[in-house]
Amino acid sequence: MIGVGKAKQYANVLDKPLSRGRQEVSLSAFAFLFSELVQFNQTQVDNIAELERRLEDAGYAVGARVLELLCHREKGNRRETRLLGILSFIHSTVWKVLFGKVADSLEKGTEHEDEYMISEKELLVNRFISVPKDMGAFNCGAFVAGIVKGVLDNAGFPAVVTAHFVPIEGQQRPRTTILIKFAEEVLHREARLG
């Protein structure tokens with residue numbers, strides 16, 4: 001029976017619609033799947049830069065799909081047209097959907113006008129990966145950089161996106177910073193929009 005103002009009751013769990021709800025993936029399943037992705041790509045390449053590029057490419061495809069999904073669900077098929085709007089969208093909405101929380105910080109670069117940084121104290125993709133000493137500064141954050149690049153490129157904000165480790169005093173693990181360097185055309189468009 002459906003009453004006015006009451007939630008619809010379902011007799012069977014199979015009758016519930018699949019379109020909404022809390023859609024989470026088990027952390028252990030994600031960690032296993034991601035480590036397999038890294039291991040597979042590691043066997044296909046000769047150096048760390050190529051491995052990071054392949055992880056970035058995998059993330060790019062995820063970012064393009066996440067943008068489409070979130071624009072449809074959250075924004076009624078509208079996309080951001082302003083620089084700070086898209087950065088805020090990535091920092092809050094995209095990060096929350098992917099990692100269950102808002103990113104630790106979003107900062108503008110002090111040395112260059114076209115640089116922004118999203119920092120995360122303990123990025124999920126780096127949490128369960130142990131890097132051998134012979135791989136040096138390999139950063140699985142390249143996957144997340146690819147996601148951010150996929151979102152930005154498909155929203156019309158071309159940029160070079162890279163992941164870097166930033167050491168923190170008194171802590172064993174470094175912070176991961178996603179560095180976003182926008183193309184000149186984005187800055188010119190933003191200046192015209194005023």
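These values consider heavy atoms only, across backbone and side chains, with no hydrogens, waters or symmetry-generated copies.
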Excluding Met117, membership of its hydrophobic cluster (Ile, Leu, Val, Met, Phe, Trp, Tyr; side-chain heavy atoms within less than 4.5 Å) reads Leu179
- Query: With a 4.5 Å limit on heavy-atom distance, are the side chains of Leu87 and Ile180 in contact?
  - Reply: yes
Sorted by chain and residue number, the side-chain contact (heavy atoms from CB on, under 4.5 Å) partners of Ala155 (sequence neighbours excluded) come out as Leu67, Ile86, Phe157
Q. Taking Asp114 for the side chain and Lys181 for the main chain, is one N or O donor matched with an acceptor at less than 3.5 Å?
A. no
In short, Leu123 meets Gly141 closest at the heavy-atom pair CD2-CA, 3.8 Å
- Check: Lys108 side chain, Glu113 main-chain N or O, donor-acceptor pair, under 3.5 Å: yes
Sorted by chain and number, sequence neighbours left out, side-chain contact (heavy atoms from CB on, under 4.5 Å) with Asn47 holds for Ala49, Glu50
(Q) Contact between Val62 and Arg65 at the side-chain level, heavy atoms closer than 4.5 Å - yes or no? (A) no
Minimal heavy-atom distance between Ala163 and Ala145, with the atoms involved, is N-CB, 4.0 Å
Indicate if Leu33 and Leu124 have the same hydrophobic cluster label, given that clusters are the connected sets of ILVMFWY residues with side-chain heavy-atom separations under 4.5 angstrom.
-> no
Using only atom types and a distance under 3.5 Å, with no angle test, would you say the side chain of Thr93 pairs donor to acceptor with the backbone of Ile90?
no
In this structure, OG of Ser26 is separated from CZ of Phe32 (nearest 0.5 Å) by 12.0 Å
To the nearest 0.5 Å, atom OG1 of Thr176 lies from atom CD1 of Ile118 at 12.5 Å
Whether the side chain of Ser88 engages the backbone of Leu84 through a donor-acceptor N/O pair (distance < 3.5 Å, no angle test) should be reported.
no
Residues pairing under side-chain hydrogen bond (donor to acceptor under 3.5 Å, both in side chains) where one sits in residues 155-166, two or more places apart or in two chains, turn out to be Thr162-His164
**Item:** Side-chain heavy-atom pair Val94, Val148 within 4.5 angstrom cut-off
**Value:** no
Under a side-chain separation threshold of 4.5 Å, the hydrophobic residues clustered together with Tyr60 are none
In this structure, NE2 of His91 is separated from CD1 of Ile178 (nearest 0.5 Å) by 12.5 Å
To the nearest 0.5 Å, atom CZ of Phe143 lies from atom CD of Glu52 at 14.0 Å
Side-chain contact, heavy-atom cut-off 4.5 Å: Phe40 with Arg54?
yes
Please tell me whether Leu27 and Val97 are part of a single hydrophobic cluster in this structure, the criterion being side-chain heavy atoms less than 4.5 Å apart. yes
When rounded to the nearest 0.5 Å, the distance separating NZ of Lys101 from CG of Asp104 is 4.0 Å
One should read off an interatomic distance between Phe165 CZ and Asn126 CG, to the nearest 0.5 angstrom, of 4.5 Å
| request: Give the cluster check for Val151 versus Val102: same hydrophobic cluster or not, with ILVMFWY residues linked at side-chain heavy-atom distances below 4.5 Å. | output: no
Residues Cys140 and Val125: closest non-hydrogen pair is O-CG2, 3.5 Å
inquiry  = Using the rule that Ile, Leu, Val, Met, Phe, Trp and Tyr join whenever any side-chain heavy atoms are under 4.5 Å apart, tell me whether Val160 and Ile147 fall into a single cluster.
reply    = no
*Taking the side chain as C-beta and beyond, is there a heavy-atom pair between Glu120 and Trp95 under 4.5 Å?*
yes
Minimal heavy-atom distance between Ser105 and Arg175, with the atoms involved, is OG-NH2, 4.3 Å
Q. Does the side chain of Val166 come within less than 4.5 Å of Ser119's, by heavy atoms?
A. no
Arg189 and Gly156 have their tightest heavy-atom pair at NH2-O, 2.9 Å
Contacts of Arg127 meeting salt bridge (charged side-chain N to carboxylate O under 4.0 Å, His left out) (sequence neighbours excluded), chain-then-number -> Glu122
* Asked: Take atom CD in Gln44; do more than 12 heavy atoms of anything else shown fall under 6.0 Å from it?
  -> yes
